[in-house]
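Heads up: the structure comes next, in structure tokens.
The sequence lines fix the lettering, A, B, ..., with proteins before strands; numbering per chain opens at 1.
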Number of protein chains: 2
Amino acid sequence: MGASKSEAFSAEQQNLAALAKALAHPARIAIIQHLLQVDSCICGDLVHELPLSQPTISQHLKELKLAGIIKGNIEGSSICYCIHPNQIAPLHSFISQLLKCTETNSSCC
Amino acid sequence: MGASKSEAFSAEQQNLAALAKALAHPARIAIIQHLLQVDSCICGDLVHELPLSQPTISQHLKELKLAGIIKGNIEGSSICYCIHPNQIAPLHSFISQLLKCTETNSSCC
DNA sequence: AAGTTTTATCGTAATATTGCAATATATAAA
DNA sequence: TTTATATATTGCAATATTACGATAAAACTT
């Protein structure tokens with residue numbers, strides 16, 4: 001009758017899904033793209049870049065932080081965010097497997 | 001007041017988010033892992049592999065199909081599913097960018 | 001045609017996500 | 001200490017996702 005039967009799956013499966021979920025919103029993609037562009041750290045001018053309110057952006061940042069995809073350092077009165085890609089490696093290699101599948105397994109379907 | 005302001009973002013951002021969303025559930029990760037393992041195609045024995053009902057699995061398959069990550073071919077009275085990784089390439093290269101960031105941009109934060 | 005098998009869809013309940021106004025917290029500046 | 005600036009948290013409404021029983025649709029078997 002409801003949602004969330006995820007306990008029934010392996011830790012690895014849950015981890016991959018959680019990483020993907022962190023990327024599963026255009027605003028969070030946009031935040032990451034901005035951080036990649038600016039290269040150095042960025043704080044709250046995301047509020048000026050994106051068509052969302054400050055609380056909403058703060059919430060998206062929190063989710064990215066929780067997933068380990070970004071990091072935030074306090075710097076004076078503002079907070080400096082930046083990419084912290086260590087955690088996302090498993091998702092990358094999972095997708096790599098998918099891509100390899102085309103070459104080796106082209107007979108299927 | 002609600003959800004979904006995604007029209008405000010670029011088509012690329014929406015596409016990347018949609019691809020990530022397709023992977024953002026342990027059951028769908030499990031389905032893909034099974035398809036990778038079995039190598040050749042698989043149909044409804046996913047129902048026996050996974051702790052979910054047939055309608056629920058059918059629904060997850062539909063989402064993966066919609067995202068272009070798997071393909072289904074009718075084969076007699078059953079349907080043969082397999083990986084179809086062409087669509088997911090953009091997400092892979094997006095994450096690749098993230099991973100590159102560690103090396104080049106280690107000064108930040 | 002009737003029955004069997006396999007997958008999809010509908011309807012609905014439970015839960016999760018998204019978005020923002022209002023408010024709280026924290027640091028800096030005066 | 002007061003004020004300004006920057007970010008986080010709370011509370012709530014709107015919407016989306018997840019799960020499954022019931023049922024439908026499609027193809028094979030007899």
Which part of the nucleic acid, if any, lies within contact of [X], taking any heavy atom under 4.0 Å across all strands shown: a base, the sugar-phosphate backbone alone, or nothing?
X: A/L52; result: sugar-phosphate
X: A/S58; result: base
X: B/E75; result: nothing
X: B/T56; result: base

Proximal nucleotide (of D/dT18, C/dT7, C/dT18) relative to the B/R28 side chain: D/dT18

Which nucleotide wins on minimum distance to the side chain of A/I79, given the candidates D/dA8, D/dA6, C/dT7? D/dA8

Rounded to the nearest Å, what distance is computed from the [atom1] atom of residue [X] to the [atom2] atom of nucleotide [N]?
X: A/L61; N: C/dC20; atom1: CG; atom2: C1'; answer: 16 Å
X: B/K21; N: D/dT17; atom1: NZ; atom2: C1'; answer: 8 Å
X: B/L50; N: C/dT7; atom1: CG; atom2: P; answer: 13 Å
X: A/H48; N: D/dT5; atom1: NE2; atom2: P; answer: 11 Å
X: B/Q59; N: D/dC20; atom1: CD; atom2: P; answer: 10 Å
X: B/I31; N: D/dA19; atom1: CD1; atom2: C1'; answer: 13 Å
X: A/F9; N: D/dA19; atom1: CZ; atom2: C1'; answer: 11 Å
X: A/I74; N: D/dT5; atom1: CD1; atom2: C1'; answer: 15 Å

To the closest 0.5 Å, what do you measure between CG (A/L23) and CG (B/L16)? 9.0 Å

Please figure out whether A/A24 or A/P55 has its closest DNA chain C nucleotide nearer the 5' end. A/A24

Does [N] have its OP1 or OP2 closer than 4.0 Å to a side-chain nitrogen or oxygen of [X]?
X: B/K5; N: C/dC20; result: yes
X: A/S77; N: C/dT27; result: no
X: A/K62; N: D/dT9; result: yes
X: A/Y81; N: D/dA6; result: no
X: A/K65; N: D/dA8; result: yes
X: B/H60; N: D/dT17; result: no

Between [X] and [Y] (side chain of the first, backbone of the second, donor and acceptor by atom type, cut-off under 3.5 Å), is there such a pair?
X: A/T56; Y: A/L52; value: no
X: B/Q97; Y: A/L36; value: no
X: A/K5; Y: B/P51; value: yes

Under-3.5 Å donor-acceptor pair between A/Q54 side chain and D/dA8 base: yes

Taking the inter-plane angle between the rings of A/H60 and A/H25 on a 0 to 90° scale, is it parallel (under 30°), tilted (30 to 60°) or perpendicular (over 60°)? tilted

Is there a path of hydrophobic side-chain contacts, each under 4.5 Å between heavy atoms of I, L, V, M, F, W or Y residues, that connects A/L66 with A/I29? no

